[in-house]
Amino acid sequence: MSACVPTRTSDSPHTERVHPPHSPPRAPHRRFRVAGADVSASIAVFLIALPLSLGIALATGAPLQAGLVAAAVGGLVAGRLGGSPLQVSGPAAGLTVVTADLIHRYGWRTTCAITVLAGLVQLGLGCLRVARSALAVSPAIVHGMLAGIGVTIAVAQMHIVLGGSPQSAVLDNLRSLPAQLADLHPAAVAVSALTLILLLLWPRLPGRTGRLLRKVPAALVAVTGATATAVFAGLTQPRVELPSWSSHALAGLPEGPVLGLVAAVLTVTLVCSVQSLLGAVAVDKLIAARPGLTAQVNRSDLDRELLGQGATNVVSGALGGLPVAGVAVRSAANVQAGAVSRNSTMLHGVLVVVAALLMVPVLELIPLASLAALVMAVGIQMVSLHHIRTVTRHREVPVYAITTLGVVFLGVLEGVTLGIAVAVAVSMHRLARTRITHDEKEGVHHVHVRGQLTFLAVPRLSRALHHVPHGSCVVVELDGSFMDHAAYETLQDWQRTHTAQGGSVELTGRRAATETDTGIGSGSGSGSEGVVPASSTVQPVNGTADSPLAGCRCRPWTPWRNHQCDAPPPEAPHGGPAAEHRAEPPNDPSDAEPDGRTSAVLPQVAESAVASGPARSAAASAPEPTEPSERVRQTDATGPGERTESIGAASAAAATGSGPSGRQLVRGISAFQRNTAPLVRGELARLAREGQQPSQLFLTCADSRLVTSMITSSGPGDLFVVRNVGNLVPPPGEESGDDSVAAAIEYAVDVLKVRSITVCGHSGCGAMQALFDAEPGGVQTPLKRWLRHGLSSLERMADPGRPWARLAGRAAADAVEQLCLTNVVEQLDHLRAYASVSRALRAGELELHGMFFHVGEAQAYLLSEAGEGRGEVFDHVGVADLSA
């Protein structure tokens, strides 16, 4: 909430410090501490990063110290500013080809300047909050880019492994490879072979001893073993040379053609950003797989990650370091080593700085052939068989292959551009490729549509439907996930004509669906979003379904507005519906998503799925489409529809005779299980594992028009909600015979440790109307006994010494609305009298908020702090800052 009430209690003789209304309470000062798990994880990451940083610097042709600078800056700057706490940044193998080409073209100092400019562009993109857009790139393009870079790295490092020097282009390296094989250097080959053998065998050491030894990174073991062998054997070969830091080259002014420099900056920005953002998403998945870590580590903030990476590249380039990006190998090692915060990443950067300053004599013993073998192995691993199997399964091999070949033979930017073009072409081909067949089986005509039904397929669809005889039984099977406006109108017009001529039409997906699911009879062009098991009875469009789901005409994701469903239409004597029965379609274009689906808020669905079941049920939509395109969601034989058969079939049949309310309940639950449950199952499973950890207690009225999660834009698990008639808080110690509200307050404050409590009243409150109209005396019904907790609100409003609360810019509309406002203030006073609440307020661990929701205006109002000398009376209710 953006405002809070004063945190002093009414019986306190001292004035306590009050926090500003828009800031959380100040946390107590704590000393900086580093968890032991972060220390051990930082050492593991450092041992991997040190040889890889030197190897990548060697592969790019940059000064070897540049790799150490990039690793240190990546750990310190990106680790502190980045949005992914456990992602480790540094010189990445995916940037090797790009950086090597830049050094060859423009020299080292200009390459550093390009890195600085790329970092500035990343900062700008981060400020524009476009990080999520990078995730729209097809995974096949990303995997193809990495594979092409891996091939380029492996071919270039092969020459160093064999004792020679690589060329600048892949084709040149391939042409000179036979000559290099004919002129081997035995010492270099021996050191490289030993490095590769240790890399391959170390992770596979068997037994308990092997399990202990495998904790030492294989890269460190391989380089250390090869170095020790070369030193003790006295092998003469090129080794690492780290010149004095005093002569280290820093960034200079960029020199070269402007267009070339702009292309270079964009290339570095693209590769660094995409690799870092995809790496952050991958780290989130690794964190989710570790039980207990999810509660300690926040999910990645991709915009902040982009800002952190931009700042890192600015610093790295200015200090003469390589371009920096999130590195998958080091990040995975960080998570697997048990890191619990960003301190591990920063400590690894400190260790790199220490090594660069104090371990120079040791580092200069490392043979270049060993580092080349290490980087060559990394390049080969970038051509992942798992990625190839994935793109094959999704039929995206052309995108992957073209991107890989383009990166290898043309360059990274050119290869990615080719990959995007091929991906767009493949998508357009899939969208336009539609097969429509028509056959007859046992007197029933089947029209089968395979693929996406767009305007391009309308001529063939019309031709197939034209061959269907008048008055026949027809089954139209849509085996696709998309239908546009043109196809929808074609199907609808034909269906109406065919039905008027005495025929019957069934619209199905991959499995048989009921009339409610098909929806074409009631004007739905989107087909079936929710489907039922194949065993369900298919009802003809001109018939009346017996299923309890047949009465609803709302789609699962129609907006909650105008979702009411009337009773099923009475049957006409001929067996058809007496009149069309449809839900009113949404007429606000803002209700539709860009892709043609109506919008829905998951938190709202999660809280009130059963209460608003008709709005989510799998039924036909309005007679006219709400947008130009309609989507059809189909499920296969193992989809959610099959898992809901128990309630969709057996329970639904049992509820058929239980009246309209029973059918409505079953309809809502069935729609939830079929459509909403698959979307929220993962989140609810996480909440089930971690237990409830709400941030606030929300105490509001039981009025059905108040959807708390929608009003507060909260997700599942965010609110601990208490609802009662009139949003009343009985004073502590009241002998009411009902301690449910007091128990909820005590549990929320003492056990759940909520940070705030909100009392929310609303306009048109029936409880306040009943309280205002109540006559003294008479029979004490349960409602009257409960409403006595609001009598103090009446007395407060009648007190001439207390100013009335009012809405921003105007007074209350009538006396009942004034009572609603006063009641919120009074119930906050009741809250402060609770021992647990008073104790938390004094400790600065809790805030109280007053809120008023005007149902007719769909406007929420928050109580502001009292003015000077006004006590605890709120005479002004500030409008919530909806832009925050």
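For the numbers below, each heavy atom of this structure counts, side chains included, while hydrogens, waters and symmetry mates do not.
- The salt bridge (Lys or Arg N to Asp or Glu O under 4.0 Å) test applied to D301 returns no partner, not counting sequence neighbours.
- Here the shortest heavy-atom pairing between G726 and C701 reads N-SG, 3.5 Å.
- For S740, the side chain to side chain donor-acceptor pair (under 3.5 Å) partners at least two apart in sequence or on another chain are D738.
- With sequence neighbours left out, S763 forms a side-chain contact (heavy atoms from CB on, under 4.5 Å) with E817, F852, H854, V855.
- For residues 692-704, the set of pairs meeting the salt bridge (Lys or Arg N to Asp or Glu O under 4.0 Å) definition, not counting sequence neighbours, comprises D703-R705.
- In this structure, R299 has no salt bridge (Lys or Arg N to Asp or Glu O under 4.0 Å) partners at least two apart in sequence or on a different chain.
- In this structure, V825 and T822 have side chains that are not in contact, with every pair of non-hydrogen atoms separated by 4.5 Å or more.
- The side-chain contact (heavy atoms from CB on, under 4.5 Å) test applied to S793 returns L819, N823, E826, Q827, not counting sequence neighbours.
- Taking OG of S756 as the start and CD of E847 as the end, the distance is 6.5 Å to the nearest 0.5 Å.
- The two atoms that bring H789 and P731 nearest to each other are ND1-CD, 4.0 Å, heavy atoms only.
- The shortest heavy-atom contact between V754 and L846 is O-CD1, 3.6 Å.
- Listed by chain and residue number, nothing satisfies the salt bridge (Lys or Arg N to Asp or Glu O under 4.0 Å) test with D718 (two or more places apart in sequence, or in another chain).
- Not a single side chain to side chain donor-acceptor pair (under 3.5 Å) links Q692 to another residue, sequence neighbours left out.
- Note on residues 757-771: no pairs pass salt bridge (Lys or Arg N to Asp or Glu O under 4.0 Å), not counting sequence neighbours.
- Between R832 and L828 the shortest side-chain heavy-atom distance falls below 4.5 Å.
- Side-chain atoms of V680 and P716, non-hydrogen and from C-beta on, never get closer than 4.5 Å to each other.
- Between T700 and F853, every side-chain heavy-atom pair lies at or beyond the 4.5 Å cut-off.
- Residues forming a side-chain contact (heavy atoms from CB on, under 4.5 Å) with S704 (at least two apart in sequence, or on another chain): none.
- For R785, the side-chain contact (heavy atoms from CB on, under 4.5 Å) partners at least two apart in sequence or on another chain are Q780, P782, R788.
- In this structure, a donor-acceptor pair under 3.5 Å is absent between the side chains of R796 and S792.
- Nearest heavy-atom pair, F720 versus A744, reported as atom, atom and distance to 0.1 Å: CE2-O, 3.7 Å.
- In plain terms, the two heavy atoms of N724 and V741 that are nearest each other are ND2-CG2, 3.5 Å.
- By the salt bridge (Lys or Arg N to Asp or Glu O under 4.0 Å) test, D750 is found to be paired with R839, residues two or more places apart in sequence or in another chain being considered.
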